Amino acid sequence: MSVELAVVIPYYKRKYFDETLKSFAAQTNKAFTVYIGDDCSPEAPVDIINKYSSQLKIVYKRFDSNLGGRDLVGQWKRCIDLTNGERWLWLFSDDDVVGSKCVESFYKTVTIAPVFDVYHFDVHVIDCEGSVIHKAKRFPDIISYDELFVRNGKGHLPSFVVEYVFSRDVYQEKAGFVSFPYAWGSDIATWCKFSRSKGVKTIQGDEVYWRSSDINITPDTSLTYEKTLAIIKCLKWYKDYFNSKKINKEIPRVFFYHLFFNSTHLTRFQISELLQKATEAEVLPKIWGSYLSRGRIIKILRELKNLLQRK
């Protein structure tokens, strides 16, 4: 089989990188090239790369400056630019792992169902030791872009970036990734944009394992306000880009979902400011923002969050 798949890893953290490459070295189908874009990391990975150089086809590039710290999506793009014309692109990470049959399952799915631009693996969440702490929430066999937005936005179908494989054609046709601060929401916005005409096809046969640890941005509550601001920008983008009745109807609910779950890490002033910014961005109707910015909003949000967590 010809090599049609590029695995693209924007590298910065060394801690679990050996396990990442080990999981790709264990693939039952080796028809792929691994491209590693080193974001001027203080933790050089050359020895780890050398360890797997006889088992994997690896292209390694160390960039002269750090970009991910100020523009993570920009780092993703310059890593994609390292690739060599492969038909399929898989943006991965330096701390997650893949099941041994992922590449094999991908090629089988593309052969059976070749019409899609975006393919998806179900994802298990693992801890620092590699033990599964949350089993995958199974995606439908095919999901439309607007249903992906709604179900992800409400927390019903989590997404972690690394489980999507997409075509180079759609990447170029749709002008690449959608950029938001901290890349927060950039992944789902991008997959929705890429899959607008055909939907997302789920790959059966193996899964991806996303690592929850203290070295990634997802659990970092110190950035809660900034990430919620990014969500407002993201929702505004959905409203303007798709102009879809289904999406527009759900945008306020998705915003409140995020606000509810972030409320215990936000001050009263921050919540009021976020409501104001969401209203100004037309993510919320003006009357909602005006009403909710008054009264005992923090207490209400926290009580709702506690109630939802008990279910």
Side-chain angles (χ1 to χ4, degrees), residues 1-10 20-21 23-36 55-59 76-77 79-93 96-124 136-149 151-152 157-178 186-210:
M1 179 180 289
S2 62
V3 177
E4 296 183 324
L5 175 64
V7 176
V8 182
I9 304 178
T20 298
L21 291 189
S23 71
F24 280 102
Q27 292 302 298
T28 55
N29 185 323
K30 295 286 185 64
F32 60 93
T33 299
V34 179
Y35 294 88
I36 301 168
Q55 303 171 60
L56 293 169
K57 183 180 179 182
I58 299 175
V59 175
W76 294 353
K77 179 184 181 301
C79 291
I80 294 286
D81 289 344
L82 297 175
T83 60
N84 191 33
E86 291 88 349
R87 182 181 177 189
W88 300 102
L89 304 169
W90 187 357
L91 182 67
F92 209 69
S93 71
D96 302 324
V97 295
V98 292
S100 63
K101 293 184 178 180
C102 277
V103 174
E104 176 186 337
S105 300
F106 164 71
Y107 277 121
K108 284 182 179 178
T109 303
V110 168
T111 300
I112 296 168
V115 300
F116 297 91
D117 289 309
V118 184
Y119 294 83
H120 168 272
F121 290 98
D122 286 328
V123 184
H124 298 300
K137 291 189 176 182
R138 301 293 177 182
F139 268 54
D141 180 50
I142 300 169
I143 188 168
S144 65
Y145 80 95
D146 50 359
E147 189 65 17
L148 176 61
F149 164 79
R151 296 180 67 178
N152 174 262
L157 285 178
S159 180
F160 305 96
V161 181
V162 296
E163 70 271 34
Y164 292 85
V165 181
F166 52 96
S167 73
R168 183 181 299 276
D169 286 346
V170 79
Y171 175 78
Q172 294 174 339
E173 177 188 338
K174 301 296 183 180
F177 303 113
V178 184
S186 292
D187 56 328
I188 284 294
T190 297
W191 313 140
C192 288
K193 182 173 74 165
F194 287 0
S195 66
R196 186 175 189 177
S197 62
K198 301 175 184 177
V200 177
K201 170 70 174 175
T202 295
I203 298 167
Q204 306 294 335
D206 214 335
E207 293 86 25
V208 167
Y209 296 79
W210 180 84

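Source: prediction; values computed, not measured. Nothing fancy with the numbering, it's 1 onward along the sequence.
- By the side chain to side chain donor-acceptor pair (under 3.5 Å) test, R87 is found to be paired with no residue, residues two or more places apart in sequence or in another chain being considered.
- The side-chain contact (heavy atoms from CB on, under 4.5 Å) search around E173 returns none, not counting sequence neighbours.
- With sequence neighbours excluded, the residues satisfying ring-ring contact (aromatic ring centres under 6.0 Å, His included) with W191 are Y164, F166.
- Pairs of residues two or more places apart, or lying in two chains, that qualify as salt bridge (Lys or Arg N to Asp or Glu O under 4.0 Å) and include a residue from residues 157-172 are E86-R168.
- L91 places a side-chain heavy atom less than 4.5 Å from the side chain of P10.
- Using a distance-only test at 3.5 Å, with no hydrogens or angles considered, no donor-acceptor pair links the side chain of T33 to the main chain of A6.
- Close placement of the Y171 and F177 rings is indicated, their centers lying within 6.0 Å of each other.
- Residues F121 and E207 have side chains not in contact (no heavy-atom distance under 4.5 Å, counting atoms from C-beta outward).
- Between K57 atom NZ and K30 atom NZ the span is 14.0 Å, to the nearest 0.5 Å.
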>> Under the criterion side-chain contact (heavy atoms from CB on, under 4.5 Å), I'd like the reasoning laid out for I9 against L21: C-alpha separation, chi angles, the key distance, then a yes or no.
In response: CA-CA 10 Å; I9 304 178; L21 291 189; 4.2 Å; yes

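- Applying the side chain to side chain donor-acceptor pair (under 3.5 Å) test to S23 and every residue at least two apart in sequence or in another chain returns nothing.
- Under the salt bridge (charged side-chain N to carboxylate O under 4.0 Å, His left out) criterion, D187 pairs with no residue, sequence neighbours left out.
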>> Would V8 and L82 count as a side-chain contact (heavy atoms from CB on, under 4.5 Å) here? Give the steps.
In response: CA-CA 8 Å; V8 182; L82 297 175; over 6 Å; no

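- Between T202 atom OG1 and I143 atom CD1 the span is 7.5 Å, to the nearest 0.5 Å.
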>> Please evaluate residues V208 and W90 with respect to the criterion side-chain contact (heavy atoms from CB on, under 4.5 Å), reporting the C-alpha separation (whole Å), side-chain torsions for both, the decisive distance (0.1 Å), and the verdict.
In response: CA-CA 12 Å; V208 167; W90 187 357; 3.9 Å; yes

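- Here the straight-line distance linking atom OG of S159 with atom CH2 of W210 works out to 11.0 Å at 0.5 Å rounding.
- Qualifying ring-ring contact (aromatic ring centres under 6.0 Å, His included) partners for F32, counting only residues two or more places apart in sequence or in other chains: F24.
- For K193, the salt bridge (charged side-chain N to carboxylate O under 4.0 Å, His left out) test picks out no residue, with sequence neighbours left out.
- Among residues at least two apart or in separate chains, salt bridge (Lys or Arg N to Asp or Glu O under 4.0 Å) pairs with a member in residues 103-113 are E104-K108.
- Taking CZ from F106 and CD1 from I203, the interatomic distance works out to 6.0 Å, rounded to the nearest 0.5 Å.
- In this structure, H120 NE2 and L148 CG are separated by 8.0 Å, a value rounded to the nearest 0.5 Å.
- Residue pairs meeting the salt bridge (Lys or Arg N to Asp or Glu O under 4.0 Å) criterion with at least one partner in residues 110-121, sequence neighbours excluded, are D117-K198.
- To the nearest 0.5 Å, the span separating OG on S105 from CD on Q27 amounts to 8.5 Å.
- Counting heavy atoms from C-beta outward, I36 and I58 have side chains that approach closer than 4.5 Å.
- Relative ring orientation between H124 and Y209 is described as tilted, the plane-to-plane angle lying within the 30° to 60° band.
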>> Quick one, D206 with V98, criterion side-chain contact (heavy atoms from CB on, under 4.5 Å). Give me CA distance, side-chain angles, the key distance, then yes/no.
In response: CA-CA 8 Å; D206 214 335; V98 292; over 6 Å; no

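- For K137 against D122, the heavy-atom pair with the smallest separation is O-OD1, 3.8 Å.
- Side-chain atoms of Y107 come within 3.5 Å of backbone N or O of A31 as a donor-acceptor pair.
- When the side chain to side chain donor-acceptor pair (under 3.5 Å) test is applied to S93, the partners found at least two apart in sequence or on another chain are D95, D96.
- The closest side-chain heavy-atom distance from V118 to Y145 is not below 4.5 Å.
- Scanning for side chain to side chain donor-acceptor pair (under 3.5 Å) contacts around D146 gives S144, with sequence neighbours left out.
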